[in-house]
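In the text below, chain A, chain B and the rest are named by the order of the sequence lines, each starting its count at 1. In this text, all values refer to a predicted model and were calculated from it rather than measured experimentally. Heavy atoms only: backbone and side chains are in, while hydrogens, waters and symmetry mates are out.
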Number of protein chains: 2
Amino acid sequence: MEHRNISIADQIFEKLEKDILIGEYSRGEILTESKLSENLGVSRTPIREALRRLEQEHIIEMSSKGIVVVGISKEDIDMIYEMRVRIEGLAARSAVENASEEDIKELRDILSLQEFYTHKEEADNIKNADSDFHKKIYSMSKSVTLRDALTDLHKKVIKFRRASVSNHSRAKNALDEHMSIYNAIAERNADLAESLIVKHVENARNRLKESNN
Amino acid sequence: MEHRNISIADQIFEKLEKDILIGEYSRGEILTESKLSENLGVSRTPIREALRRLEQEHIIEMSSKGIVVVGISKEDIDMIYEMRVRIEGLAARSAVENASEEDIKELRDILSLQEFYTHKEEADNIKNADSDFHKKIYSMSKSVTLRDALTDLHKKVIKFRRASVSNHSRAKNALDEHMSIYNAIAERNADLAESLIVKHVENARNRLKESNN
DNA sequence: TTCTGTGTTAATGTATACAATTATACTTGT
DNA sequence: ACAAGTATAATTGTATACATTAACACAGAA
């Protein structure tokens, strides 16, 4: 193993982040360190460290009453897609320019998984493979700044994405678009990859709007 | 006062963030909690909370040896400007659509300050007023997501910006561009504001490259 | 020499005690 | 009844002790 063990604080962070982003806690809800500590069976120290990270992500806020859940609203979603439309093409272009052959092979593997789950119509697995595809492209850009910014934007949408992939034809369309994007990247065609991914993000936004209205 | 008192942990966070972003610590340098604790005269608890936030901002990384300073490299700068070019126009447009008259008045005040300091050629004050101008537009967009993303990008450039504003003609150009952008926003001309700020960010990137080569 | 194992050291990770602040409920005076 | 003040409780903020883990140096055998 090359990375450090996952600490309790890390686990708490991941759990809370996930719970907040999927809407487990409602917007404006107030949490307290003591209760989290009691419920999760750990001391306040790792809880607080997780909270500081969530605070830095702006999905919670501190007040004297306790921790206020901010989460993600529908209005946020619109802006998130506006932003992704504008910078995700940059990631695709950068991926074409910087990805290793190994990277491209891994991207293909992710795509095969998505294909498999789309046929089996397993919504959660489709959603994860879909996310992995985008995240892989982000990291293939070899820019930590770009990857982090896009990863942050991407994960904030998860609450609204499940309905979108549950519809088979929508899931199939997304898969086809991923396939085209993959081909463009594998052929090292930066212009095409960029334009395809921009179109894909726009389509994803529309599919998401259809399914959440 | 409407916000909570600034805790020691918050102060430590701000200090460390600033020190890292201005290049006080060199890339790859290893810090330890104990030494920070000793040097800053506080216990490890607030230190650790500050570190978790810095980690979340990806300007430090944890390893078993200690805290590794990541900071910002020249290559990061290029990508940061690429990203700003693509999304800062969104902020200007959104600001035009959502800003209150009070907001616009405040923006004007910031601009006046920048004008004052530019005449007096006080580099640090120019730099701060310049930052404030952009940050005000970010917050005028009324989108927390957009504001946070742009603020993160903006503050990561500070190490490289000082030289840029030290040259009077470059500082004057930046001021003129800000003036035009302000006018477009005050006239509620979204298209113009967007195109002007995009051009301004591109110019700022060029000015920065000139001054750092 | 070089590799391996082991003891030591130094670092992070966690729990807990206590301090300080703030909200809340209650009481008391008008 | 209502306002103000006060005591109480609950919450976050910090320090410290201890646990755990990983790096390092060194010794000894191959």
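In this structure, A:Ile12 reaches neither bases nor backbone, as no heavy-atom distance under 4.0 Å exists between it and the strands shown. Residue B:Ile67 is in sugar-phosphate contact alone, with no base atom involved, counting any heavy-atom pair closer than 4.0 Å across all strands shown.
Rounded to an integer number of Å, the gap from B:Asp10 CG to C:dT21 P is 15 Å. Between the CD atom of B:Glu33 and the P atom of D:dT16 there is a distance of 15 Å, given to the nearest Å. Distance, B:Glu38 CD to D:dA15 P: 14 Å, rounded to whole Å. Put simply, CZ on B:Arg52 is 17 Å from P on D:dG13, counting in whole angstrom units. The nearest whole Å value for the distance from the CD atom in A:Gln11 to the P atom in C:dT14 is 8 Å. Between B:Phe13 atom CZ and D:dT14 atom C1' the separation is 19 Å, expressed in whole Å. If you measure from atom CE of B:Met62 to atom P of D:dA23, you get 13 Å, rounded to the nearest angstrom. Distance, B:Ile30 CD1 to D:dA22 P: 16 Å, rounded to whole Å.
Checking D:dT14, C:dG13, D:dT12 against every side-chain atom of B:Ile8, the shortest atom distance belongs to D:dT14.
Near DNA chain D, meaning a heavy atom under 4.0 Å away, the residues from residues 41-51 of chain A are A:Arg44, A:Arg48.
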For residues 16-25 of chain B, please give each side-chain donor-acceptor pair under 3.5 Å, one per line with the distance, not counting sequence neighbours.
from, atom 1, to, atom 2, distance (Å)
B:Glu17, OE2, B:Lys155, NZ, 2.8
B:Asp19, OD2, B:Lys15, NZ, 2.8

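For A:Ser73, the side chain to side chain contact (heavy atoms under 4.5 Å, CB included) criterion is met by A:Arg27, A:Glu75, A:Asp76, not counting sequence neighbours.
Using a 4.0 Å cut-off between a side-chain N of Lys or Arg and a carboxylate O of Asp or Glu, B:Lys135 and B:Asp132 do not qualify as a salt bridge. A salt bridge links B:Arg52 with B:Glu55; the closest basic N to acidic carboxylate O contact falls under 4.0 Å.
Using a 4.5 Å heavy-atom cutoff, the side chains of B:Leu208 and B:Val157 are in contact.
With A:Phe133 as the partner, the ring pair (Phe, Tyr, Trp, His ring centres under 6.0 Å) test is satisfied by one option alone out of A:His178, A:His200, A:His154: A:His178.
The closest side-chain donor-acceptor pair between B:Arg147 and B:Ser143, if any, does not fall under 3.5 angstrom.
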